[in-house]
Amino acid sequence: MILREGEKAPERTINEKYIENCKNLYDSLNFVEPKKVPIGIEVGNWPVIYGGKLYKDVIGKPEETAAAYYKFLDEVKIDYFWGGCGVGTNIKALNALGSEAYYISHDGNTIGHNQVGSFIMPEEDYPQLIEDPFGYIKNVLIRQRVPSMRKDKAAAYEDLVEALKFVKIQERANKLISNKVDENGTVSLCFSGPRFSVPLDTIFDTVRGFKNTLIDLRRRPELVKEATDKIFSIQNAALQAQLPNFIGKRDELHCGNTVYHSACFLNDKQFDEYFFSYFKEGYMPFFNEGVHCYLKGEGKFLHTLDRYRELPKGAMVIMLEEDDPFEVYKAVGDWVTIAAGMKVDLLKYGSKQDCIDYAKKCIDTFAPGGGFIFMTDRPLLGANDAKFENVVATFEFVNDYGSKQSCKEVI
Amino acid sequence: MDNGKEKYGYTIDELFEMAVNDSSWEADKDLREVYALMLKNQLMNLT
């Protein structure tokens, strides 16, 4: 779960555990060795499976959804989520509007995504996109993609209200889940800072899709650049308007987020042009105020990380996916906080001891001196994404060992 | 840019505004605004 434009983080109930977790995160991100390595995990609907249910059976039932989630939250001790925790994409609301963009996969639990069936902006519409990017998405793409938005006013409104009722139901589930998260003192790290939306990702994710965007970068790069410049100018104005909220608050934990969606498919020149130059311009004022930015990396991207030395030390927290964290640590471990420590492949295919050995090696290597927070390399989503016993054993171990890593000779 | 008002008789913004002002599905106006924003964002980010 992430916060999108205009959405506010839910108000938190703060307890002593939450304050302690914030302190450990603050220290880690500022390269001070924390009392305990902050322990995080990324999950989608996997906790529902852990709770003995399938999402298809509890969808639309807030109390049952939350109850299924609670077993995971009770039994696996988590200090932070990088985003929020709960159910994200609202399939029922989208279905009420006639959209089948998302669906529950064959395992009965994972939310699948149907980009192939989506209406894609035709290339001749680039001038309209450049003129008014978000107007184009709203007035052209939503009309094409959401059948109810092509009905007459009365019918469209009826469907919209039905969809909103499903939003209300799902948010009831998420409220119950976040109450438990609060009770546990778990921090939603990136709700404490601004989100940087990547201009090219708007085209890649929403407007032209994966394949067409990569083709456009080769055949019509000038149009892509005009579009990303326009998108950036709009989004950056909204980003900078948040800056006063962070001035003079260096002694508080503030960490926003961004993501690599298109980035790992770009060559060096494209990466600088379409990601890093915008990011640096947009986020540097926040870095100058002591705000951090959590990058949820996707794919392999070690070749991009040297750029982050242009930012203040400790500014970035980088969640790794396919890169070897030990190679990344050698390259930039003295400058950026690494969010790594467990491969989901190992949770699925390895033994308990394999998982513990790998986690121990990561903590021993990365944790001394701060600049490390424990995180899985991928979200747990599907029914078979991890063995329960591996997850339980790993998190028991890291919660214990992460508290003692600075005197590991006694272990 | 054509916002669809002529063709469909309403704009998408107008439709959401109606829902924000309609207490039949949720009594609390703040919540109506939050839920409407969440759904609109989901539609704006459909991929």
Side-chain angles (χ1 to χ4, degrees), chain A residues 3-8 10 88-90 93-94 96-97 99 101-102 113-115 118-120 128-129 131-132 134-143 145-146 148-154 156-157 159-168 170-171 197 201-202 204-207 209-210 261, chain B:
Chain A
L3 297 177
R4 295 197 182 277
E5 286 67 24
E7 294 175 9
K8 290 181 183 163
T89 304
N90 196 318
L94 293 174
L97 295 169
S99 167
Y102 293 88
H113 171 214
N114 177 27
Q115 187 177 57
S118 182
F119 176 84
I120 298 294
Q128 286 188 69
L129 179 75
E131 183 194 338
D132 180 5
F134 298 101
Y136 182 87
I137 292 170
K138 186 163 55 187
N139 296 315
V140 179
L141 295 185
I142 289 181
R143 293 276 194 197
R145 289 173 177 171
V146 182
S148 293
M149 297 294 109
R150 300 195 298 276
K151 290 183 177 178
D152 66 53
K153 189 174 182 179
Y157 186 67
D159 291 351
L160 179 63
V161 168
E162 194 61 21
L164 287 164
K165 288 176 184 170
F166 285 121
V167 175
K168 186 175 161 178
Q170 185 161 301
E171 287 317 296
S197 297
D201 285 354
T202 299
F204 184 85
D205 292 336
T206 305
V207 177
F210 179 103
H261 278 175
Chain B
M1 183 180 299
D2 178 12
N3 60 15
K5 173 90 171 170
E6 202 171 312
K7 184 172 179 183
Y8 299 103
Y10 61 94
T11 68
I12 287 170
D13 284 339
E14 282 172 1
L15 209 64
F16 274 87
E17 192 57 34
M18 280 171 65
V20 167
N21 292 320
D22 176 1
S23 61
S24 70
W25 62 276
E26 165 58 53
D28 184 326
K29 182 155 195 263
D30 290 341
L31 289 178
R32 291 201 299 275
E33 282 179 359
V34 170
Y35 296 150
L37 179 63
M38 291 174 93
L39 183 57
K40 197 190 235 181
N41 276 343
Q42 196 150 41
L43 299 185
M44 290 292 286
N45 288 282
L46 277 181
T47 56

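Convention: sequence-line order gives letters A, B, ...; per-chain numbering from 1.
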Under a 4.5 Å cut-off applied to non-hydrogen side-chain atoms, are [X] and [Y] in contact?
X	Y	result
B:Leu43	A:Ile137	no
B:Lys7	A:Arg143	no
A:Met149	B:Ile12	yes
A:Ile142	B:Lys40	no

Heavy-atom proximity to chain B below 4.5 Å, by part of [X]:
X	answer
A:Phe166	neither
A:Thr202	neither
A:Asp152	backbone

Closest heavy-atom contact between A:Arg145 and B:Leu46? NH1-O, 2.9 Å
Quick one: closest heavy-atom pair of A:Tyr157 and B:Met18, and the distance? OH-O, 3.3 Å
Once you round to the nearest 0.5 Å, how far does [atom1] of [X] lie from [atom2] of [Y]?
X	Y	atom1	atom2	value
B:Leu31	A:Leu164	CG	CG	12.0 Å
A:Lys165	B:Trp25	NZ	CH2	10.0 Å
B:Leu15	A:Ser148	CG	OG	9.5 Å

